[in-house]
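See below for the structure under consideration.
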Amino acid sequence: MSAKLIKRWVDETIFDLARQIRWSFLPPLMVYFAAGVSGLTSIVGTFFVKDYLELSAAFLAGLGFWAGLPWVLKLPLGHLVDLFWRWKAVMVFLGAGLIALSLGTMILLITEREMMVAILPASTWFVISVLLAPAGYVVQDVVADAMTVEAVPRSHADGTPISEAESKALHTTMQTLGRFAIISGLVSVGLVNLFLFADVDRMSPAERVDTYAQVYRYALIIPIISVSGVLLGIVFRRRQAVNMRQAGASKETIEKALFTPEETVEPDWYIFTGAAVFVVLTLGLGLSNFSYSAEFVFAGTMAVVLVLIARLTKELPPGTARSLVGTALIIFVFRAVPSVGPGMTWFEIDILRFDEQFLAVLSLITSGLTLVGLLVLRPMMAKWPITKVIVVLTLAGGLLALPNIGLYYGIHEWTSAHTGGVVDARFIAILDTAIESPLGQVAMIPMLAWIARNAPDSLKATFFAVMASFTNLALSASNLGTKYLNQVFSVTRETDNVPSDYTELGVLLLTVVAIGLAAPILAVLVIQKTNYRSLD
């Protein structure tokens with residue numbers, strides 16, 4: 001009996017996934033893969049900021065808020081994709097240009113620092129680069145999200161329609177493969193960083209800087225990959241057109257089947273008006289010296305997005321609309337939980353002596369095991385309700401925060417002394433990373449599949465965008481919360497003007513864990529007792 005269960009599990013987990021893969025999945029997966037490769041510069045960025053820019057933990061958390069705001073523009077951008085679907089490649093080229101500009105800025109800042117500083121302060125160039133990158137990625141991500149819907153077939157080869165259950169499985173598979181593509185990009189990043197920083201302990205400061213610049217040069221492959229994915233999609237579509245023409249289909253039939261939406265989409269000027277208000281509000285307050293500009297931008301943006309959600313959900317049956325709103329609220333709270341900020345990484349670098357190569361090892365372990373975790377957890381994501389997934393992830397996240405807390409309070413010194421130096425700080429960090437890896441990418445997949453199945457065909461991209469804008473605002477809320485916590489519990493690394501001080505890091509860690517456990521579970525309990533409870 002156990003052998004049959006194992007065989008069934010392997011079939012559902014691995015072979016069923018292989019059976020559901022379609023060639024049409026490849027173009028959006030390439031765009032997602034490019035998004036994963038974007039992590040190539042994360043380790044370099046961490047060390048560059050720590051060693052060469054005197055920016056506080058609170059400032060960096062606040063910068064994370066502003067860097068997250070372009071993702072709110074997924075809403076109008078998604079509507080543009082619905083309106084001009086045939087010309088979506090143009091948007092990917094625009095995004096690729098912004099990404100290349102961001103990377104080029106950092107390359108010049110590292111290699112031609114004196115020239116750049118003569119124009120603007122180094123910290124200003126860094127902020128410009130940080131803000132340009134997400135603007136490029138969000139443009140590409142909007143197109144990729146909509147392409148995932150187009151990639152899932154609606155009928156079998158013989159023309160018979162696909163059942164609801166099979167459609168749900170295919171959409172879940174498509175979204176899972178999207179996460180796979182992103183994490184595969186991160187695996188590639190880990191391997192490259194591992195190679196580049198193999199001799200980091202023997203590098204001089206000048207050699208380290210040269211390596212940092214080389215990483216950013218390698219990252220220029222990112223826009224090339226994403227553009228190639230869209231071009232491949234065009235090739236696939238043209239090939240389909242040729243096959244249909246050879247089968248005797250008329251030009252009108254081919255045009256309608258491959259290049260024209262099933263329903264005509266009319267511009268929703270409320271969406272574009274809301275986007276214009278957002279841009280004006282963001283630029284006006286962002287460029288001002290107003291102390292609470294981030295908070296006002298967040299509140300204004302949230303108001304605009306909520307109004308647009310209310311309008312869009314009128315396109316759905318009332319019960320379905322309420323369920324979608326409840327589901328989005330639960331995921332919002334889950335993602336809005338504040339993080340520790342850069343302080344823990346600084347502590348690991350300064351006190352635990354983690355270098356670039358070891359952080360690359362952790363990144364590689366995280367990415368590789370996340371791929372395995374997504375594969376293993378895919379059947380669960382297809383069957384479990386989102387509420388159950390959120391509760392499990394919340395509890396797991398609280399449990400897996402304990403090793404970091406233990407490292408701060410010196411548990412590695414005790415374990416190392418009692419294991420002959422085997423279970424030291426690096427061993428604990430690797431073990432914690434290995435267990436935690438698969439969990440971070442899980443929460444959004446069921447919701448993305450839900451939207452793909454239930455949103456009106458003519459508004460798929462718009463629905464993806466509006467719900468993504470809402471849940472991405474949760475990350476902005478998280479960054480604000482992180483900034484507040486870092487203002488209350490001050491953590492500083494050593495710079496020319498400030499000594500290192502990690503005395504309040506322990507309380508900060510404990511506070512983040514307490515909020516992370518309480519907020520999502522409370523949200524599930526409250527929302528599930530209302531008419532907005534998540535039904536799927």
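These values consider heavy atoms only, across backbone and side chains, with no hydrogens, waters or symmetry-generated copies. On a predicted model such as this, the values are computed, not experimentally measured, just so you know.
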What do the steps show when you test Phe33 against Ile182 for side chain to side chain contact (heavy atoms under 4.5 Å, CB included), and what is the final call? CA-CA 5 Å; Phe33 180 79; Ile182 293 173; over 6 Å; no

Intermediate values then yes/no, side-chain hydrogen bond (donor to acceptor under 3.5 Å, both in side chains), Tyr32 and Gln140: CA-CA 9 Å; Tyr32 283 136; Gln140 297 193 346; over 6 Å; no

Derivation and outcome, side chain to side chain contact (heavy atoms under 4.5 Å, CB included), residues Ser478 and Arg335: CA-CA 7 Å; Ser478 174; Arg335 300 187 65 169; over 6 Å; no

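The shortest non-hydrogen separation linking Ala67 to Val130 is CB-CG1, 3.8 Å. Considering every non-hydrogen atom in both Leu232 and Met30, the closest pair reads CD2-SD, 3.7 Å. Taking each heavy atom of Thr111 and Ala213 in turn, the nearest pair found is CG2-CB, 3.5 Å. Here the shortest heavy-atom pairing between Tyr408 and Thr503 reads OH-O, 3.1 Å.
Val340 has its side chain out of reach of Thr482: every pair of non-hydrogen atoms, C-beta onward, lies at least 4.5 Å apart. No side-chain heavy atom of Val230 sits less than 4.5 Å from a side-chain heavy atom of Pro27. Contact annotation: the side chain of Val31 never approaches that of Val143 to less than 4.5 Å [non-hydrogen atoms, C-beta and beyond].
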Do any side-chain atoms of residues 115-128 form donor-acceptor pairs under 3.5 angstrom with protein atoms, and if so which ones, sequence neighbours left out?
| from | atom 1 | to | atom 2 | distance (Å) |
| --- | --- | --- | --- | --- |
| Trp125 | NE1 | Met116 | O | 2.7 |
| Trp125 | NE1 | Leu120 | O | 3.4 |

For residues 89-104, please give each side-chain donor-acceptor pair under 3.5 Å, one per line with the distance, not counting sequence neighbours.
| from | atom 1 | to | atom 2 | distance (Å) |
| --- | --- | --- | --- | --- |
| Ser102 | OG | Ser129 | O | 2.8 |
| Ser102 | OG | Ser129 | OG | 3.0 |

Residues 344-352, side-chain donor-acceptor partners within the protein, below 3.5 Å, at least two apart:
| from | atom 1 | to | atom 2 | distance (Å) |
| --- | --- | --- | --- | --- |
| Asp350 | OD1 | Lys50 | NZ | 2.9 |
| Asp350 | OD2 | Tyr502 | OH | 2.7 |

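To the nearest 0.5 Å, atoms CG (Leu407) and CG (Leu402) are separated by 11.0 Å. Between the CG atom in Leu475 and the CG atom in Leu480 there is a gap of 11.5 Å [rounded to 0.5 Å]. The OG atom of Ser226 sits 10.5 Å away from atom CD1 of Ile221, with the distance rounded to the nearest 0.5 Å. In this structure, Thr105 OG1 and Tyr216 OH are separated by 10.5 Å, a value rounded to the nearest 0.5 Å.
Applying the salt bridge (Lys or Arg N to Asp or Glu O under 4.0 Å) test to pairs two or more places apart or on separate chains, none has a residue in residues 38-48. Here salt bridge (Lys or Arg N to Asp or Glu O under 4.0 Å) pairs that include residues 58-73, with residues two or more places apart or in two chains, number zero.
For Thr511, the side chain to side chain contact (heavy atoms under 4.5 Å, CB included) partners are Leu485, Phe489, Val507, Ile515, not counting sequence neighbours. Applying the side chain to side chain contact (heavy atoms under 4.5 Å, CB included) rule to Gln214 yields the partners Arg217, Tyr218; only residues at least two apart in sequence or on another chain are considered. In this structure, Thr394 has no side-chain hydrogen bond (donor to acceptor under 3.5 Å, both in side chains) partners at least two apart in sequence or on a different chain. Legend: residues meeting salt bridge (charged side-chain N to carboxylate O under 4.0 Å, His left out) with Glu207, ordered by chain and number and at least two apart, are absent. Residues passing the side chain to side chain contact (heavy atoms under 4.5 Å, CB included) test with Met302, sequence neighbours excluded: Phe298, Leu306, Phe332, Phe470, Leu473. For Arg353, there are no side chain to side chain contact (heavy atoms under 4.5 Å, CB included) partners, not counting sequence neighbours. In terms of the salt bridge (charged side-chain N to carboxylate O under 4.0 Å, His left out) criterion, Asp501 has no residue partners (sequence neighbours excluded).
Neither side chain, Ser490 nor Glu504, offers a donor N or O lying under 3.5 Å from an acceptor on the other.
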